[in-house]
Amino acid sequence: MTTACESFFILPELVALVTPHLSRQDIVHVIRTNRRLHAICTPLLWHSIHLLDENYVDTPSTAQARLLASPEGLQGLYNNIDAVREVNWKADFSWYYLHAVLTYLTSSPSRSSTGQDSQEDMEQDTISTDELAHLGHGGMGTRDLVNIVPLPPLRRLTMYRAFICTDVYGCTSSLPRTYYRPHQHQTFWLLRLNCSTLVHLELLTLDLNSAPVVRDLCRTLSRLQHLKTFLLHGLAPDEITTRAMEAIFFSCPASLEELYVHPIVEDREATFRLEPSEGDWDFGQGHLDPRREPLQRLRILEIPSSYSGYQAPLPCSILEHCPTLESLLVPSLRDLAASARVAETIGGHCTHITSLVVPQPYRDNKGVTVMSIMEAIPGQQLTTFELFAYLDYFPDRMMAAWTRHSETLQRIKLDNCRTLASAVLRTAIMNCKALEILELTEFYSSMCCLTLEDATMDKWACTRIRTLNIPVKLTPNGKSPLYLTDPSKEWWSKADHAHWEMLGKFYSQIGLLTELRVLDLRSAASIHVPTEDHPNHTQEITFEENCLPGILVLEDPSKRLGYLSKLAGLTKLQELRGSIVWKHMADEERMGKQEVDWFAEHLPALTAAHFLPNGYKYPEEGETKEEEVPWVLQLLQTRRPGLVLSPPLSDNDYL
């Protein structure tokens, strides 16, 4: 095969041009240099084989299709098999490769050599082709080997990532599960060949509902004595029994540092028999031998969630084996008693936890389990806290839990939050000194927002914050207050003056957050829409339709009122998002030429501002559009040509 290295460094045309001007000695140096570069670069080019395309669709343009259609490519893989350290491939290529190895082992004559090659040949001669073929158990037969190019087995892998049964997460094949079992066992065979080198393992779409597959996986894991990272996804419906989960965990080698198991635990222990019975292909291998020593190096643990919730014994027995754990994805637990036992176990065995994540609460959306764990962890230790679909039943307890770690908390993220007291958010911004990311995505913004009164109650402590992404309630209806139509303040009431002063204090606090990269303030509001069945029914107003009074206007006595100048200190701000969409602003809230001049001279790092609605598409050349970009924004675009005015949604993660 002509490798990329050869194509780059062997240039016949260039050689033909320069040869007449070179001496014989110069030509010899060129040839030697070319060979040396080839020797150095070829192993690097074959270090990683990446055949996973983003869309997982096998078309002639994909890397996998090109390789299978190229005899030279397959020959190159054959020649450089010992240089391969990492593989990323799909189920069909994995199937092809394992058949190619069987073809190689059954057709290659025994070789005689000396040195390292001799040792490898001797080891290769001891490989059991019967175990690879899995004959007698629906495995590979010679009929499957037609048009298969022989390939040697991979023996030096450090990373293996592959889809096993299907090429897409959650895709259910029309073929029966028994069709895939031999392929799964053959994958384990390949992994065992690399037991002394494999460090990173990802098995995707594995049939975890099959007891023989789980047993073979457990026996394989126990032999991977250098494994550091293991990620496991199941085949649809992507479920695993607690018995299988327990067996997998207690088969992991002592070297493991990160464990991610992502199926859903299902209670069906009565129909899942993990022990081999007579007639099973592995009956002679006996029962599994679970590991008894703790995983002294395990830092990250993500075990499956459960719709019905775990009872205490399994998570407790797992956590007792994780003395150095730093990051825990908290599983849902069945009841308060289970929560108490798990928290007690963590307090006694997992005293180094710094990150807690609850991605799917199911039975714990009130946060009882995670708050119990935060109380069990030594104080001022937690750095990351993430919770999904939180219902704020115990605001005082959550505030106390955050305060317990206020010196160390760097990231607080509440996804799809249902309810949250403003006082809880106040605790984060006024107590958490190390905070760098505060993100809250809400289900009902008016039920989980920071009020203006709480935001201005005291000085903010979170001066290191980089991402601030929260809903705020600045006016009752989310709109511009009526008093701003009177910039002279002649007709203002006492309440109007007090409200305007609080807005100034709020924007001043924002302006002091000089480390900000992302500022996303969404104005929260709802309106009363009674119905016959629900007389107290309210309807949320989309944050894009609301505004942040005075934030985009410069103060101009007797003409306009605003606090834009308060943001001058945000020299690192890259994204300005939230309730600042032009079309929904009142006239007294909209920017003018004076504000455009200000933006041209301030916020030098700004690359995106949410002045146009999400999804706005600029008209093509010659095309007219009903909703044209206002002249002010066109002027701003001219003064700041790199500024995106309709930014896409992002992770807002600048930690």
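Only heavy atoms go into these numbers, but all of them, side chains included; no hydrogens, no water, no symmetry mates. The structure presented is a predicted model; accordingly, all values stated were derived computationally and were not measured.
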Under the rule for salt bridge (charged side-chain N to carboxylate O under 4.0 Å, His left out), what residues qualify as partners of [X], not counting sequence neighbours?
X: Arg426; result: Asp454
X: Lys505; result: none
X: Glu589; result: none

Any side-chain donor paired with an acceptor under 3.5 Å for [X] and [Y]?
X: Ser308; Y: Arg334; result: yes
X: Glu302; Y: His262; result: yes
X: Gln509; Y: Tyr507; result: no
X: Ser565; Y: Glu555; result: no
X: Ser579; Y: Ser523; result: no
X: Asn469; Y: Arg522; result: yes

Pairs satisfying ring pair (Phe, Tyr, Trp, His ring centres under 6.0 Å), at least one member in residues 465-488, at least two apart
Tyr483-Trp492, Tyr483-His499
What pairs of residues pass the ring pair (Phe, Tyr, Trp, His ring centres under 6.0 Å) test when at least one of them lies in residues 445-479, not counting sequence neighbours?
none
To the nearest 0.5 Å, atom CG of Leu328 lies from atom OG of Ser355 at 8.5 Å
So, [X] side chain and [Y] main chain: donor-acceptor pair closer than 3.5 Å or not?
X: Glu439; Y: Ile470; answer: no
X: Gln637; Y: Leu643; answer: yes
X: Ser446; Y: Ala524; answer: no

Taking only residues two or more places apart in sequence, or in another chain, which ones meet His352 in a ring-ring contact (aromatic ring centres under 6.0 Å, His included)?
none
Would you say Arg464 has more than 12 foreign heavy atoms packed within less than 6.0 Å of its CZ?
no
Partners passing side-chain hydrogen bond (donor to acceptor under 3.5 Å, both in side chains) against [X] (at least two apart in sequence or in another chain):
X: Glu375; answer: Arg397
X: Thr427; answer: none
X: His584; answer: none
X: Asp496; answer: Ser493

Can Glu515 and Arg517 be counted as an ion pair, charged N to O under 4.0 angstrom?
yes
Answer yes when Glu202 and Arg161 have at least one side-chain N-carboxylate O distance shorter than 4.0 Å, and no when they do not.
yes
Selection residues 591-603 - residue pairs positive for salt bridge (Lys or Arg N to Asp or Glu O under 4.0 Å), sequence neighbours left out
Arg560-Glu595, Lys593-Asp597, Asp597-Arg639
Taking salt bridge (Lys or Arg N to Asp or Glu O under 4.0 Å) as the cut-off, I'd like each qualifying pair that reaches into residues 478-492, sequence neighbours left out, listed once.
none
Looking at every heavy atom in both Thr475 and Pro549, which two are closest together, and how far apart are they?
CG2-CG, 3.9 Å
